[in-house]
Visitor: 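My questions will all concern the structure given below.
Just follow the structure's listing: the first ligand is 1, and inside any ligand the first atom is 1. Remember, predicted model here, so these are calculated numbers, not experimental data.
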Amino acid sequence: MSGTRAAEWITQHEPDAIERLKDWLRIPSVSTDPAYKDDVRRAARWAADHLAESGFEVRIEETGEPAGSGHPIVLATAPGADGYEGPHVLFYGHYDVQPPDPMDLWRSPPFEPVLETGADGRERLVARGACDDKGQVHTFLEAMRAWKETGGPVAGGMKVTVLLEGEEESGSVNLERYVEQHKDALGACDVCLISDTGMLGPGRPAITYGVRGMAYTELVLHASNQDLHSGAWGGKIPNPLNELAKVLAQLWDADRRVTIPGFYDDVLPLGDDERAAWNKLGVNVEESLAAIGFGPDADVGETGYSFIEREWARPTAEINGIIGGYTGVGAKTVIPDHARAKVSFRLVADQDPLKIRDMFFDWARERTPPGCRWEFIDHHGGDPATVATDSPTLSAVRDALGEAAGTEPALIKTGGSIPIAGLLKRELGMETIFAGFGLEDDRVHSPNEKFDLDCWRLGARTHALIPEALATVRVTPA
Ligand code: BES
Ligand code: MN
Ligand code: MN
């Protein structure tokens, strides 16, 4: 089997591959901060060159309006070997990363990748993007390289379109337009494959079949036309920080349910079968809590749902930031002229981000504190997606993953969001298969992000085996 040969090649050439990944990680492709615009483009170029070396036909596509105002998309294609009748795969990943802040908490600089052995004895690569998502995309890139180096057909003979986005971490704001404008090319694909999720634990591979959606908003509460002395004015007029805190505190009831009317209307209920299956996965709540510094008493959330059910099946409202007044060193007595909060909602199928955003703004408007005025900002949103688990394509990917891991993969969901999945389902009726290799302790989005080499190895082996596994699948037209 040539997939096995490609997998062996990966094992034999691992140090070179890891050096290549380090090169990519050295490029600070922070998509949310315009200061990194050129770096983001360099990271796109890097991936494009890698794919070209593996025999793909590659284009760098501009995004945004005007064109080029967004970050580029890397689009690469492999035609499929003669006689390939398996599904046309759309492999999606993102090459942008989250900002590295707060900088002082990194043990080594975020864009100077370090290979180290953790206290648990596991080898790992530490850098921003090591896991999310460059490290995971790289497992696919190296599998493609391995097929080429071992004399196989491009992409192992699989018919594949590769789409690497540069704006996932900043809300995929230009992706919807891109998908709409490239409906023909993308619609020709049968299924999307993504490595940007996690496993159940070390040595516990998993296929994810659901991601949550997102509505990200910001509220600014404007009050007086100037900052005020808190002795002269406190208690006489509304303090926007006090008032904002009082409004936000009304977002949850005593059962920790979101109080916005209609918020749960479109939530698909959690079925008994699903619940039973999740209970059998053996998720260790106390261990998960202990790893982030909590005791068992921190297992709190919406009444009636377990730890894992709250992440995989229920929507949430979260304050992500509160800004206002004096935040410098020492104490200053002041009533500021405005206060600000960043509030996001994680959504589940079939909630609609735009509907939720409007409901929230209406809810806040009804609670406008006396004398004050709201400013509402809509940052971005993304649809939730629950995908089919009964397709032959998913079974084939699961087999390849199982073979690479030497153990049967579990079926799980995640609380995170990957906007393209819901978009592809809505615009093109396309299903997604999430085969991810991250671990809960990878510190994605946080300082000291890491990716275990064992996870990288599993990813690369899996992607080496997928082309042959898919070649035997026949897609029935919908
Ligand atoms: N890869 C993550 C999503 C993820 C996180 C999946 C953890 C599984 C486990 C992705 O890059 C991400 O962070 N997405 C953002 C999307 C948002 C900016 C719309 C998220 O979930 O916050
Ligand atoms: Mn990601
Ligand atoms: Mn991310």
Visitor: Looking at ligand 1, is there an atom of it that comes within less than 4.0 Å of some heavy atom belonging to D132?
Guide: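 Heavy atoms of D132 do come under 4.0 Å of ligand 1.
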
Visitor: What do you reckon, does H445 put a non-hydrogen atom under 4.0 Å from ligand 1?
Guide: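 It does, in that a heavy atom of H445 comes within the 4.0 Å cut-off of ligand 1.
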
Visitor: I need the atoms of ligand 1 closer than 4.0 Å to a non-hydrogen atom of H94, numbered in the order shown.
Guide: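 Reading through ligand 1 atom by atom, the close ones are 11 (O).
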
Visitor: When you measure from the centre of the six-membered ring of Y305, is the NZ or CZ of R314 under 6.0 Å away and within 45° of the axis?
Guide: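 Ring-cation test returns yes.
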
Visitor: Students should be able to answer this: which protein heavy-atom is nearest to atom 1 (N) of ligand 1, and at what distance?
Guide: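 Looking only at protein heavy atoms, the one closest to atom 1 (N) of ligand 1 is D196 OD1, 2.8 Å.
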
Visitor: Could you tell me whether any N, O or S atom belonging to D133 is less than 2.8 Å from the Mn ion (ligand 2)?
Guide: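 No N, O or S atom of D133 is closer than 2.8 Å to the Mn ion (ligand 2), so no.
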
Visitor: Is D272 salt-bridged to R275, going by a charged N under 4.0 Å from an acidic O?
Guide: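 Looking at R275 together with D272, the answer is no, because their closest N to O distance does not fall below 4.0 Å.
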
Visitor: So for ligand 1, is S170 a polar contact partner (N or O within less than 3.5 Å, distance only)?
Guide: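 No; every N/O pair is 3.5 Å or more apart.
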
Visitor: Under 3.5 Å between any N/O of T197 and any N/O of ligand 1: does that happen in this structure?
Guide: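 It does not: no N or O of T197 is found under 3.5 Å from an N or O of ligand 1.
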
Visitor: Is R346 close to ligand 1, meaning an N/O of one under 3.5 Å from an N/O of the other?
Guide: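 It does: an N or O of R346 is found under 3.5 Å from an N or O of ligand 1.
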
Visitor: Could you identify the single nearest non-hydrogen protein atom to atom 5 (C) of ligand 1 and state the distance to 0.1 Å?
Guide: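 That would be G416 CA, 4.2 Å.
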
Visitor: With the Mn ion (ligand 3) at the centre, find the angle made by NE2 from H445 and OE1 from E169, to 10°.
Guide: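 NE2 of H445, the Mn ion (ligand 3) and OE1 of E169 span an angle of about 90°.
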
Visitor: Does the Lys NZ or Arg CZ of R257 fall within the cation-pi geometry relative to Y264 - under 6.0 Å from the ring centre and within 45° of the axis?
Guide: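 Yes.
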
Visitor: Looking just at side-chain N and O atoms, do H463 and S195 make a donor-acceptor pair shorter than 3.5 Å?
Guide: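 On atom types as modelled, these side chains qualify, holding a pair under 3.5 Å.
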
Visitor: Give me the residue, atom name and distance of the protein heavy atom closest to atom 7 (C) of ligand 1.
Guide: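 Result for atom 7 (C) of ligand 1: T414 OG1, 4.3 Å.
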
Visitor: In Å and rounded to the nearest 0.5 Å, what is the CG to CD1 distance from L219 to I322?
Guide: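 Those atoms lie 10.0 Å apart.
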
Visitor: Ignoring hydrogens and geometry beyond distance, is a side-chain donor-acceptor pair present between E431 and S391 at under 3.5 Å?
Guide: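 Side-chain D/A pair, E431 to S391: absent.
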
Visitor: With a 6.0 Å cut-off (strictly less than), is the heavy-atom count around NZ of K148, excluding the residue itself, greater than 12?
Guide: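 No, NZ of K148 has 12 or fewer neighbouring heavy atoms, counting only those of other groups under 6.0 Å.
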
Visitor: Check this for me: does any side-chain nitrogen of one of R461 and E142 sit under 4.0 Å from a carboxylate oxygen of the other?
Guide: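 Salt bridge: no.
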
Visitor: Ignoring hydrogens and geometry beyond distance, is a side-chain donor-acceptor pair present between D96 and H71 at under 3.5 Å?
Guide: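 H71 and D96 do not have a side-chain donor-acceptor pair below 3.5 Å.
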
Visitor: If you measure every N/O of Q98 against every N/O of ligand 1, is any gap under 3.5 Å?
Guide: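 Looking only at distances, the answer is no, because the N/O contact criterion of under 3.5 Å is not met.
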
Visitor: Provide, to 0.1 Å, the distance between atom 11 (O) of ligand 1 and the closest protein heavy atom, together with that atom's residue and name.
Guide: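 Going atom by atom, the protein heavy atom closest to atom 11 (O) of ligand 1 ends up being E168 OE1, 2.7 Å.
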
Visitor: Write out the residue and atom name of the closest protein heavy atom to atom 17 (C) of ligand 1, then the distance separating them to 0.1 Å.
Guide: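 Atom 17 (C) of ligand 1 sits closest to the protein heavy atom H380 CE1, 4.2 Å.
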
Visitor: Regarding atom 16 (C) of ligand 1: of the candidates S31, G436, P353, S417, which has the closest heavy atom?
Guide: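 Residue with the shortest heavy-atom distance to the ligand atom: S417.
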
Visitor: Do the side chains of E19 and K22 get close enough for a salt bridge, i.e. N-O under 4.0 angstrom?
Guide: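 Looking at K22 together with E19, the answer is yes, because their closest N to O distance falls below 4.0 Å.
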
Visitor: Between NE2 of H94 and OD1 of D132, what angle is found at the Mn ion (ligand 2), rounded to 10 degrees?
Guide: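 That angle is 90°.
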
